[in-house]
Amino acid sequence: MKFRIAYKKELNPSQFQAVNITKGPLLVIAGAGSGKTRTLTYRVARLVEEGISPSAILLLTFTRKASQEMLKRASQLLDHRCEGVAGGTFHSFAYSILRKYASRIGFNHGFSIIDRSDSENLISMLRKEMKGVSRSGSLPRKQTLANIFSRAVNKNLSIEDIIFEDYPHFSRHLETIHTISNGYRKQKAEHNFFDYDDLLIYLEVLLKDHPDVREKICSTYHYLMVDEYQDTNKIQAEIVGLLAGNNNVMVVGDDSQSIYAFRGANVENIMKFPEKFPGTRIIRLEENYRSVQPILKLTNVIIDRAKQKYSKTLFTRKSGGSLPLLVNAGSENNQSQFVVERIQTLNRNGVPLNQIAVLFRASFHSFDLEIELNREGIPFVKVGGFKFIESAHIKDVLSHVRVLFNPYDRLSWYRILLLLDNIGPKTALDIFETISAEQSGYAGLFKKKLSSKQSKSLERLKNFFLSIDPSEMSVVRLGEAVVKYYTPILQNKYDDHPKRTKDLEHLMTIMERYDNLEHFLADMALEPPNTSSRDGFFVDRSDDDRLILSTIHSAKGLEWHTVFIIWALDGRFPSIHAVHDEKALEEELRLIYVAATRAKERLFFTYPGTVYDKTSGMVLSRPSRFLDDIPDDILEKYSAMTF
């Protein structure tokens, strides 16, 4: 058959092979930057051009945008017929099927989808019905309960497992949490509600328990393609198995980029695909169109250390490129200064700021760097977590510090008073007005007449201020006193307080560098751009020239001219908690691989040479074990003391 599209000319040999195989199970291991989307797009066009009905092709992706983009490109390659391909997310596909067959699983066709906010509100109602316990404030909040229930579904684990793994401090409430979970399921069933997780659960139930429905669906879709298969959870993998009736199933993904276990993604799905589908052909896409060879040489060495993997060797036809650099910065602030200096040099040499990214494992790793960037006037956008002063618990602590510096800071007083029990907005405003009118500083707390409950709430705050003398204490001692006072509030207000405590420890290390409270507050008050995002980001406008700060999880799928990976310190990356967990350690290895493969031309790893870890009582001083012992002709070593 003669095709209009010159597939062999347009694709490299591996891509062409993946596009050309249309029968039987096919696993495409698509290395970073190897043209995965291009391959899927051309395969859609190839099937349609061969005469396959577009309605017989099902393309499942993780975002609607991804499937729309692929089908749009396929239509541009061939013709409008490609628009008729059934493409969408697992959830949207589940919704369309369940609309037709809801009655088969005990629901009516008019079921409603409730979003995360609706789920949390329903859980909140059930939580309030729990007698006594919820009033103590010790139960997980509605957001945390929603997380627990969702993780249990997506990881295919029990609620007990999720609590003991992620929230051990709530284990004493296990029975109550189970009661709320059962009530949540009952309420959804009674009101004909489906949450997002239910869509997958009930699609699997429908396909498993009703063979006639499954056969009808499988007879509709003769060709199944799945993108980012390494990110599927156990339920999604089961659904793929149930849908692939005639085994004409192609999954595309990269085991080396499986980094979303916390969302339920299971790397075993892609590793065991050939077992699930006997006769699977495996094609590796190894030609990289993104990075220079020195970067690929390093990333090949890094991922080769994985114990569980599909072996592959990325290569490129691009020439030139500098060796990646591993920088011992001595201290955290030296690390920040080194990164800022290199960014300024790159920018002066013609590299736009929006083509430079600083990546990190955890959001708080960038806090010190943000201060230096603000000081130097370098605009940036941060993605994946909140900026330092946008985090609520950081704001809480800084509000107390600001009041110690200026006893008449209205906004800070308002914030810290609202943290107290029995103090509402009106009372908080009245207290501040008394303080302001009396011009007596903290003593104004004693002047306002309040109810006995309100006075009791204020007692700790009064005692705190009586014990503090800002003129006699160093900046960090002030900070430590505030944190000591604030810790019970933190523990009562936030279910994830152990993680937030880490942020406060980090704040103390920053405060240690200041000998003047006014200078510290001035630096912290610099207004960063309001560019936080939950759903990832794209900086592709020529008029938006800002440096990118991002968690590695948010950076997957993106690329930049130069990438800095900070805090490449053993005990931070990988974290101390991952060191004794083989699966967690493997995922952290994949995480650093994903970070490194974002770089096109230049790649830097930096780490503070000496860091005291309060949790373990250890001094951390080694570079990440993932980079240790890599030869100098692959990864150049450098001391920031000389920059």
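Each residue takes its place number in the sequence, starting with 1. Quick caveat, the model's predicted, so the values are computed rather than measured.
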What is the distance from atom [atom1] of [X] to atom [atom2] of [Y], rounded to the nearest 0.5 Å?
| X | Y | atom1 | atom2 | result |
| --- | --- | --- | --- | --- |
| Leu585 | Leu591 | CG | CG | 11.5 Å |
| Tyr310 | Ile270 | OH | CD1 | 6.5 Å |
| Asn347 | Leu547 | CG | CG | 9.5 Å |
| Asp231 | Ser258 | CG | OG | 6.0 Å |
| Leu507 | Glu512 | CG | CD | 10.5 Å |
| Arg500 | Asp495 | CZ | CG | 9.5 Å |

Less than 4.0 angstrom from a charged side-chain N to a carboxylate O is my criterion; do [X] and [Y] meet it?
| X | Y | value |
| --- | --- | --- |
| Arg375 | Glu372 | yes |
| Glu165 | Arg151 | no |
| Arg73 | Glu69 | yes |

Glu287 and Gln15 side chains, donor-acceptor separation under 3.5 Å |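 Side chains of Gln15 and Glu287: no pair found under 3.5 Å.
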Check the side chains of Asn349 and Thr345 for a donor-acceptor pair under 3.5 angstrom, ignoring hydrogens and angles.
->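 No, Asn349 and Thr345 have no side-chain donor paired with an acceptor closer than 3.5 Å.
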State, to 0.1 Å, how close [X] and [Y] come at their nearest heavy-atom pair, and which atoms those are.
| X | Y | result |
| --- | --- | --- |
| Val340 | Ile378 | CG1-CD1, 3.8 Å |
| Lys312 | Asp255 | NZ-OD1, 3.8 Å |
| Thr316 | Ser291 | CG2-O, 3.4 Å |
| Ile371 | Tyr514 | CG2-OH, 3.8 Å |
| Val252 | Ala30 | CG1-CB, 4.0 Å |
| Pro608 | Ser331 | CB-C, 3.6 Å |

Taking [Y]'s backbone N and O only, do any of them form a donor-acceptor pair with [X]'s side chain (distance below 3.5 Å, no angle check)?
| X | Y | value |
| --- | --- | --- |
| Thr299 | Thr597 | no |
| Asp632 | Glu636 | no |
| Asn288 | Ala32 | yes |
| Lys297 | Asp633 | no |
| Arg598 | Leu558 | yes |
| Asn233 | Asn266 | no |
| His400 | Asp396 | yes |
| Lys309 | Ala306 | yes |
| Glu588 | Ser575 | yes |
| Gln355 | Pro352 | no |

Please identify each residue that fulfils salt bridge (Lys or Arg N to Asp or Glu O under 4.0 Å) with Lys36, with sequence neighbours left out.
->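 Per chain and number, Lys36 pairs via salt bridge (Lys or Arg N to Asp or Glu O under 4.0 Å) with Asp227, Glu228.
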Salt bridge (Lys or Arg N to Asp or Glu O under 4.0 Å) involving Asp570 - partner list, sequence neighbours excluded =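 Once residues adjacent in sequence are excluded, the partners of Asp570 under the salt bridge (Lys or Arg N to Asp or Glu O under 4.0 Å) criterion are Arg622, Arg625.
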Of the options Val381, Leu359, Leu369, which is the one that meets Leu549 in a side-chain contact (heavy atoms from CB on, under 4.5 Å)?
->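 Between Leu549 and the candidates, side-chain contact (heavy atoms from CB on, under 4.5 Å) is satisfied uniquely by Leu369.
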Intermediate values then yes/no, side chain to side chain contact (heavy atoms under 4.5 Å, CB included), Arg263 and Asn154 | CA-CA 7 Å; Arg263 294 181 187 167; Asn154 286 293; over 6 Å; no
Tell me, do [X] and [Y] make a side-chain contact under 4.5 Å, heavy atoms counted?
| X | Y | answer |
| --- | --- | --- |
| Leu77 | Glu10 | no |
| Tyr289 | Arg38 | no |
| Tyr607 | Leu627 | no |
| Val475 | Asn516 | no |
| Phe380 | Asn374 | yes |
| Leu40 | Val28 | no |
| Ile295 | Lys318 | no |
| Arg546 | Asn354 | no |

Please test Lys307 against Glu586 for salt bridge (Lys or Arg N to Asp or Glu O under 4.0 Å), starting from the C-alpha separation and ending with a verdict.
-> CA-CA 8 Å; Lys307 294 180 180 177; Glu586 283 275 290; over 6 Å; no
Kindly indicate, with the supporting measurements, whether the criterion side chain to side chain contact (heavy atoms under 4.5 Å, CB included) is fulfilled by Glu480 and Met511.
-> CA-CA 10 Å; Glu480 288 169 347; Met511 294 183 83; over 6 Å; no
Can you tell me if [X] has over 12 outside heavy atoms packed within less than 6.0 Å of its [atom1]?
| X | atom1 | result |
| --- | --- | --- |
| Glu582 | CD | no |
| Lys583 | NZ | no |
| Lys637 | NZ | yes |

Ring geometry between Phe604 and Phe564 (parallel below 30°, tilted from 30 to 60°, perpendicular above 60°) =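 Judged by the thresholds at 30° and 60°, the geometry between Phe564 and Phe604 is parallel.
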Anything under 30° is parallel, anything over 60° is perpendicular, the rest tilted; go ahead and classify Trp567 against His365.
->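 The arrangement is parallel - the two ring planes meet at less than 30°.
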Quick one: do Ile576 and Leu620 satisfy side chain to side chain contact (heavy atoms under 4.5 Å, CB included)? Show the steps, please.
-> CA-CA 10 Å; Ile576 284 177; Leu620 308 178; 4.3 Å; yes
Give a yes/no verdict on a cation-pi contact between Arg342 and Tyr638, requiring under 6.0 Å between NZ or CZ and the six-membered ring centre and an angle within 45° of the axis.
->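 Geometry flag: set, cation within 6.0 Å and 45°.
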With side chain to side chain contact (heavy atoms under 4.5 Å, CB included) as the test, would you mind laying out the steps for Gln236 and Leu60 before giving the verdict?
-> CA-CA 10 Å; Gln236 289 164 328; Leu60 294 176; over 6 Å; no
